[in-house]
Amino acid sequence: MSYPKRYLITSALPYANGLKHVGHLAGAYIPADIYVRYLRAQKRDVVFVCGSDEHGTAIPIQAMKEGTTPQAIIDKYHFAMKQDFADLDISFDIYHRTSSPLHHETAQEFFTYLNDRGELETKETEQYYDEEAKSFLADRYIKGTCPNCGSDRAFGDQCENCGTTLSPDELINPVSTLSGNPPVKKKTTHWYLPLGKHEQFLRTWILEQHKDDWRNTVIGQCKSWIEGGLQSRAVTRDLDWGIALPSSLKGGLGKVLYVWFDAPIGYISATKQWAIDNGKDWKPYWQDKETKLVHFIGKDNIVFHCIIFPIMLKLHGDILPDNVPANEFLNLEGDKMSTSRNWKLEMRDYINDFVKKENGGGQCVDMLRYYLTQIAPETKDSEFTWKGFQDAVNSELVSVFGNFVNRTWVLMHKLCNGKVPVFHNDLIDDQDKQLIADITASKEKVESLLEQYKFREALYEVIDLSRKGNQYMQKKEPWILAKKLAPLNPPQGGTSESGNMKRSLNIDDTKAPPSEGFGEASSLEGREAAQKSIDNCLHLCLQLSANLTVLIHPFLPNTAQKMLHMMKVVDKILDWKNAGSLKLLSVGYSLREPQLLFRKIEDAEIAEQMEKLKAGLVKAETGSLTAGQAGQKSDLTPQASDLKPQIQYDDFTKLDLKVATIIAAEKVAKADKLLKLEVDLGFEKRIIVSGIALHFKPEDIIGKQVVIVANLAPRKMKGIESNGMILMAEDKDGKLKFINPDEASANGSSVS
RNA sequence: CGCGAAGUAGAGCAGCGGUAGCUCGACGGGCUCAUAACCCGUAGGUCGGGAGUUCGAUCCUCCCCUUCGCAACCA
C-alpha cells in the first residue's frame with residue numbers, strides 16, 4: 001500500500017462567540033485528533049491545524065449582548081476555546097485565529113487572486129436594509145417564503161424546510177428579523193463567486209470520483225445541493241467587522257469579506273503560521289498533489305467544505321480535500337443541544353468537574369474521549385447520556401480494559417518476580433497461538449478502520465482485544481497453577497516479597513506437601529511445568545498489554561502514557577509499527593507496580609450532572625464563563641437587571657387590559673406552537689392567536705378566565721388575524737401560567 | 001399539512017437480498033489474580049404494519065402507522 005507523502009488535517013474552526021460543547025468535540029475534534037495521532041504514530045508527515053473563526057455578524061451581536069467590544073469577545077472566547085482543547089488533549093500543531101494579520105493578508109491575497117483572474121463577478125444590487133436598525137441585513141436576518149417549496153420558514157441563505165440554498169432576493173415577502181419590518185432595498189456593490197460555473201466539476205469530482213469513499217450522508221447532501229441548482233454567492237458584505245477588501249480595490253471601501261469566505265482560508269493561514277514557527281515550508285501542504293487534505297467537520301458544514309471551499313481551492317490552484325468525514329449531531333439526554341436553552345454540556349464544564357481537582361485528571365479526559373468516540377455520530381445522530389457515560393466507563397474501560405491490565409500486572413508481580421517472564425516456545429499451545437493471531441488481526445483491523453475514518457469500530461476492536469486477553473487468562477488460570485507451585489508460605493512480615501516463587505521452588509522441596517493433595521503437582525517437575533505455564537501466560541498477557549498501549553494511544557493518550565510508565569519504557573514504543581509485535585517487552589525486564597488506569601464513575605456523580613443540566617436550563621447564558629466580565633448576573637432568580645427601562649404612568653394607561661373567558665380553542669394547522677382562541681369579552685367575542693400550544697391542550701383551557709391586552713394592533717399569524725394578546729406568567733423552567741383574577745369576574749372588566 | 005430522520009431482544013445500537021448479531025442489563029453457573037472486577041452459559045425478536053418485486057427480504061418498491069426534529073445558536 002502506498003501512502004500520501006504528507007497530510008494536512010483540519011478541524012472545523014470554532015466560532016468565537018461562545019464556548020463549545022461536547023457535541024462539537026465529538027463531531028470535529030476528537031475524530032481528527034485520533035486520526036492525527038494515528039498518523040503520527042505511523043511516522044507520516046502530518047500537520048493538524050485549527051483556530052478560532054472570529055468574523056461575521058454574530059460577533060458584534062454577541063458583543064452587544066455581553067456589553068463589550070467585538071475584540072473583547074474574540075479574545076475571551078479564543079483563549080477559552082484554545083484552553084479547552086488543550087485540556088482535552090486535542091493535539092493541534094497550531095491553534096490559530098482569523099483575526100491575525102497573517103490571516104487577513106492571506107485572505108486578501110486569496111480574494112485578489114480570484115478577482116484578478118476574473119473568477120469573481122461584481123454586481124450592483126439592491127440589498128435589503130433595515131432602516132430602523134440602520135444596517136444592511138445579513139442573509140440570516142431576513143425571513144420569508146421559500147420560492148422552491150413555499151414554506152414560510154425560509155431564511156435569506158437557506159430554506160429550513162426544503163434545504164435549498166437561497167439568496168435573500170429569492171425570498172417572497174421578506175421581513176427583517178431585527179425589527180420585524182419589511183426591509184427596504186438599498187444599492188450596494190458586491191463580489192460574487194459563481195458556483196454554477198463549476199457544477200460539472202463538482203459532479204465529476206464528488207458524485208463520480210468520491211462516490212465510494214465519502215460517507216453517504218456527505219454525498220447525499222452534496223447531491224441535493226448540486227441538483228438544487230448552484231447560485232452565485234456573495235463574497236463580500238457591508239459590515240465593519242471582518243477582513244477589509246484590499247484598499248486598492250475600487251468600490252471596496254466599507255466592505256469586508258463574507259465570513260464564510262475568509263474562515264476556511266483560516267486553515268491555510270494557520271498552516272503558514274505553523275510553518276513560520278517551525279521553519280518549514282507551508283506550500284507543499286496546500287499545493288502539492290501528493291498531500292492528502294482531510295477536513296473534519298459537523299454536518300452543518302458540509303456545503304462549505306464540499307462545495308464552496310473546493311471551488312475556491314481549485315480556482316486558487318490548491319489541492320482539494322481527499323475526504324470530508326462529516327459527523328452528524330450529538331443529542332443530549334433526549335434533546336437537541338441548544339445554546340439558548342442551555343441544554344448542553346460544555347467542554348469547560350466537564351473539565352471543571354472531572355478533569356481538574358483531585359477528581360481524576362487525565363484519566364477523566366480519556367473517559368470522555370472514550371465515550372464520545374464510542375457514541376460518535378458517524379452515520380446518524382446519536383445521544384450523550386450520563387448513564388451511558390457511566391456504563392461505558394465502568395463496564396468497558398474499567399472492567400474490561402483496565403482490569404485486564406491490572407490483573408496482568410498483579411499476577412506478574414506475584415508469580416513472576418515483577419519481571420517479564422520468559423516464553424517457553426516448546427510449550428506453546430493452541431490458546432497461545434490463537435491469542436497471538438488475535439493480536440496481529442487486531443492491529444490490522446484497527447489500522448484499516450482508522451484509514452476509513454471508522455473510529456467507533458476501531459475503538460471497539462481495541463477494547464475487544466483486551467476482552468480476548470481476559471478470556472485467554474481465564475482459560476489459562478495462572479492463579480490455579482500457582483497453587484501447584486509453592487506450598488511454602490513466605491515468612492510472615494519481613495519485606496513480603498510475594499513474587500518470590502522461583503526462589504521458593506529451589507528451597508522448598510523438603511517441605512511438606514500442601515494440604516489439598518497437590519501430590520503429583522508438587523513434584524519438582526510438576527512445579528517447573530506449572531511455572532513455565534505461568535510464564536507463558538503472563539508473557540503473552542504482558543506483550544498483549546504493550547500492544548494495547550500502542551493501539552489505544554490515538555484514542556486515549558493519557559492512558560497510553562500511564563501504561564508506558566508501568567512498563568518503564570519510552571514513547572518510542574508507541575510507534576505504530578510496534579503494534580502486532582510480541583517482542584515489545586524484553587524478558588527479564590522488571591516492571592513497575594500496577595496503577596489503576598481508570599476509576600469508576602459513581603452514581604452520585606451522574607445524578608449531580610443531571611441536576612446541573614436541568615438547573616442550567618434557566619441559567620443566564622452569559623453566566624457560563626465565570627472569569628471575565630465583572631462577575632454579575634447568572635443567578636437563578638430574577639434580578640433588577642432584568643427590568644426594562646422605566647416608563648411613565650401615561651405609558652401604562654395606553655394599555656387596555658380586560659378580563660375575558662376562553663370559549664373556544666383549536667390548534668392552528670401547520671404551526672406547532674399556535675392555538676387559535678376565541679374569547680368572550682362580554683361586549684364582544686374575538687379571535688386571538690397565541691403561541692401556547694406546547695403548554696396547553698385546547699380542550700383543557702376552554703372556560704378559563706384570562707387577562708388580555710385588548711387594544712393591541714391586529715396581526716396576522718399563519719393567515720389568521722389575532723386581535724389581542726393573552727397575558728401569561730413564565731416561570732423559571734419555562735412553564736406558562738395564565739394570569740387571571742383571583743375570583744371570577746365579569747367578562748370585559750378592566751384591569752388597572 | 002409539508003420536509004427530514006428513525007422504527008431490529010428490557011435499554012443502546014450493528015447488519016441491509018440467502019441459517020438475526022454486538023454491548024449493557026436480567027437469570028444460572030464457574031473462578032477468585034483483579035477496581036463486587038473476569039469467564040462460561042441461558043432466556044428474550046414473526047427485524048413498526050400491509051402489499052408488491054424475487055426462487056428467497058430485516059435489507060429493494062409502494063402504501064400506511066408511530067416517534068423525534070423542523071425559532072435561534074451550532075460540530
Side-chain angles (χ1 to χ4, degrees), chain A residues 11-15 17-18 20-32 58 61-62 140-141 143 146 148-151 153 155 159-164 177 217 220 224 296-302 326-331 334-342 344 374-377 379-383 385 387-388 390-392 394-400 402-415 456-457 460 463-464 467 469-482 534 537-538 541 594 596-600 621 668-673 691:
Chain A
S11 281
L13 304 186
Y15 198 53
N17 70 336
K20 302 299 140 187
H21 54 63
V22 294
H24 300 105
L25 191 59
Y29 305 100
I30 290 180
I61 287 173
Q62 183 68 23
R140 195 78 206 175
Y141 292 99
K143 208 178 163 177
C146 175
N148 187 44
C149 70
S151 157
R153 285 224 196 79
F155 290 83
C159 174
E160 289 293 304
N161 188 40
C162 63
T164 320
T177 57
T217 47
S224 90
F296 285 86
I297 58 170
K299 68 175 170 186
D300 57 322
N301 239 330
I302 290 174
N327 274 319
E328 302 289 295
F329 283 167
L330 186 68
N331 293 327
D335 244 316
K336 209 175 160 176
M337 293 230 209
S338 155
T339 302
S340 56
R341 285 189 308 124
N342 222 332
K344 63 184 170 179
Q374 202 236 39
I375 60 167
T379 53
K380 60 180 175 191
D381 289 0
S382 65
E383 182 160 337
T385 63
K387 184 77 178 75
Q390 184 190 31
D391 281 348
N394 290 359
S395 58
E396 289 163 33
L397 277 185
V398 175
S399 300
V400 178
N403 187 233
F404 170 72
V405 173
N406 185 242
R407 64 201 297 218
T408 296
W409 247 256
V410 169
L411 282 172
M412 176 269 298
H413 276 281
K414 284 190 179 166
L415 306 180
R456 218 175 148 144
E457 258 185 273
Y460 175 82
I463 299 299
D464 202 48
R467 184 173 280 121
N470 278 320
Q471 289 163 352
Y472 170 79
M473 193 184 272
Q474 201 67 35
K475 283 183 201 140
K476 291 278 178 169
E477 297 185 308
W479 51 91
I480 302 277
L481 295 169
I534 290 172
C537 170
L538 288 172
C541 286
L596 296 180
L597 294 178
F598 307 101
R599 70 174 181 83
K600 287 201 160 186
E621 199 182 350
V668 174
K670 295 195 184 189
D672 296 337
K673 295 177 186 168

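In what follows, chains carry the letters A, B, and so on, assigned in the order in which the sequence lines appear, proteins first and then strands, with residues in each chain numbered from 1.
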| Whole-angstrom distance between rU46(B) and rU53(B), as gauged at atom P | 26 Å
| message | Between Ser399(A) (side chain only) and Asn394(A) (backbone N and O only), is there a donor and an acceptor less than 3.5 Å apart? | response | yes
| note | Partner of rC22(B) under the Watson-Crick or G-U wobble criteria, both distances under 3.5 Å, comes out as rG12(B)
| query | At under 4.0 Å between heavy atoms, what does Asn327(A) touch on the DNA or RNA strands: base, sugar-phosphate, or nothing? | reply | nothing
| query | What distance, rounded to whole Å, do you find between the two P atoms, one in rA9(B) and one in rU58(B)? | reply | 15 Å
| query | Which part of the nucleic acid does Phe404(A) contact within heavy-atom distance under 4.0 Å: base, sugar-phosphate only, or nothing? | reply | nothing
| With a non-hydrogen cut-off below 4.0 angstrom, is Leu597(A) in contact with a base, only sugar-phosphate, or nothing? | base
| note | Lys475(A) atom NZ is separated from rC31(B) atom P, nearest whole Å, by 17 Å
Every protein N/O within reach of nucleotides 24-29 of chain B N/O, cut-off under 3.5 Å:
none

| said: Between rC60(B) and rC27(B), how many Å separate the two P atoms, rounded to a whole number? | reply: 38 Å
| Watson-Crick or G-U wobble mate for rG17(B), both contacts under 3.5 Å | none
| message | Counting C-beta onward and ignoring hydrogens, is there a side-chain heavy-atom pair between Ser382(A) and Phe329(A) closer than 4.5 Å? | response | no
| said: Nearest heavy atom decides the nucleotide; on that basis, is Glu383(A) or Asn470(A) closer to the 5' end of RNA chain B? | reply: Glu383(A)
| request: Would you mind reading off the distance between Gln471(A) atom CD and rG41(B) atom P, rounded to a whole angstrom? | output: 9 Å
| Rounded distance (Å) that lies between atom C1' of rC31(B) and atom CE of Met473(A) | 13 Å
| field | rC65(B) and rC1(B), which share atom name P, separated by this distance in whole Å | value | 8 Å
| task | Rounded to the nearest angstrom, tell me the gap between atom CD in Gln374(A) and atom C1' in rA14(B). | result | 12 Å
| note | Separation of rA34(B) atom P from Leu415(A) atom CG, nearest Å, is 10 Å
| field | Side chain of Asn403(A) - closest among rA37(B), rU35(B), rC33(B) | value | rA37(B)
| query | According to a strict under-4.0 Å criterion, is Lys600(A) in side-chain N/O contact with OP1 or OP2 of rA37(B)? | reply | yes
| Reckon Leu596(A) touches a base, only the sugar-phosphate, or nothing at all at heavy-atom distances under 4.0 Å? | base
| query | So which nucleotide does rA5(B) pair with, by the Watson-Crick or G-U wobble rule with both distances under 3.5 Å? | reply | rU67(B)
| query | Is any side-chain heavy atom of Ser11(A) less than 4.5 Å from a side-chain heavy atom of Tyr29(A)? | reply | yes
| query | Got Asn406(A) and Leu597(A) here, is their nearest side-chain heavy-atom distance under 4.5 Å? | reply | no
| message | Is there a side-chain contact between Phe598(A) and Glu396(A) in this structure, where contact means two heavy atoms from C-beta onward sitting under 4.5 Å apart? | response | no
| request: Could you measure between the two C1' atoms, the one in rG12(B) and the one in rG49(B), and give it in whole Å? | output: 24 Å
| Pairing partner of rG41(B) (Watson-Crick or G-U wobble, both distances under 3.5 Å) | rC27(B)
| field | Whole angstrom value for the distance that separates P of rC38(B) from CG of Asn394(A) | value | 11 Å
| Heavy atoms under 4.0 Å, any strand shown: does Ile375(A) hit a base, just sugar-phosphate, or nothing? | nothing
| field | Watson-Crick or G-U wobble mate for rA51(B), both contacts under 3.5 Å | value | rU61(B)
| Rounding to the closest angstrom, what is the interatomic distance between rC3(B) and rA57(B) at atom P? | 30 Å
| Listed by chain and number, what are the side-chain hydrogen bond (donor to acceptor under 3.5 Å, both in side chains) partners of Lys475(A), not counting sequence neighbours? | none
| task | For nucleotides rG4(B) and rA43(B), find the distance between their P atoms and express it as a whole number of Å. | result | 42 Å
| task | Would you indicate which nucleotide in rC74(B), rC22(B), rC33(B) comes nearest to any side-chain atom of Tyr460(A)? | result | rC22(B)
| query | Do side-chain atoms of Lys20(A) reach the backbone of Tyr15(A) as a donor and acceptor pair under 3.5 angstrom? | reply | yes
| said: Taking the nucleotide of RNA chain B with the nearest heavy atom to each, does Pro14(A) or Ser382(A) sit closer to the 5' end? | reply: Ser382(A)
| Taking the same atom, P, in rU61(B) and in rG25(B), what whole-Å distance lies between them? | 38 Å
| query | Separation of Gln474(A) atom CD from rC39(B) atom C1', in whole Å? | reply | 4 Å
| message | Categorize Tyr15(A) for me: base, sugar-phosphate, or nothing, with a 4.0 angstrom heavy-atom threshold over every strand shown. | response | sugar-phosphate
| message | Rounding to an integer number of Å, can you tell me how far Arg456(A) CZ sits from rU23(B) C1'? | response | 11 Å
| query | Is Gly23(A) touching bases, backbone alone, or none of the nucleic acid, heavy atoms closer than 4.0 Å? | reply | base
| query | Among rA34(B), rC74(B), rC22(B), which is the nearest nucleotide to the side chain of Phe329(A)? | reply | rC74(B)
| message | Taking the side chain as everything from C-beta on, heavy atoms only, tell me whether Arg467(A) gets closer than 4.5 Å to Tyr472(A). | response | no
| field | Candidates rC22(B), rC33(B), rU32(B) - which lies nearest the side chain of Ile480(A) | value | rU32(B)
| query | For Val398(A), which contact category applies under a 4.0 Å heavy-atom criterion: base, sugar-phosphate, or nothing? | reply | base
| said: When you measure from the side chain of Asn470(A) to the backbone of Val400(A), do you find a donor-acceptor pair of N or O atoms at a distance under 3.5 Å? | reply: yes
| query | Side-chain contact, heavy-atom cut-off 4.5 Å: Met473(A) with Leu411(A)? | reply | yes
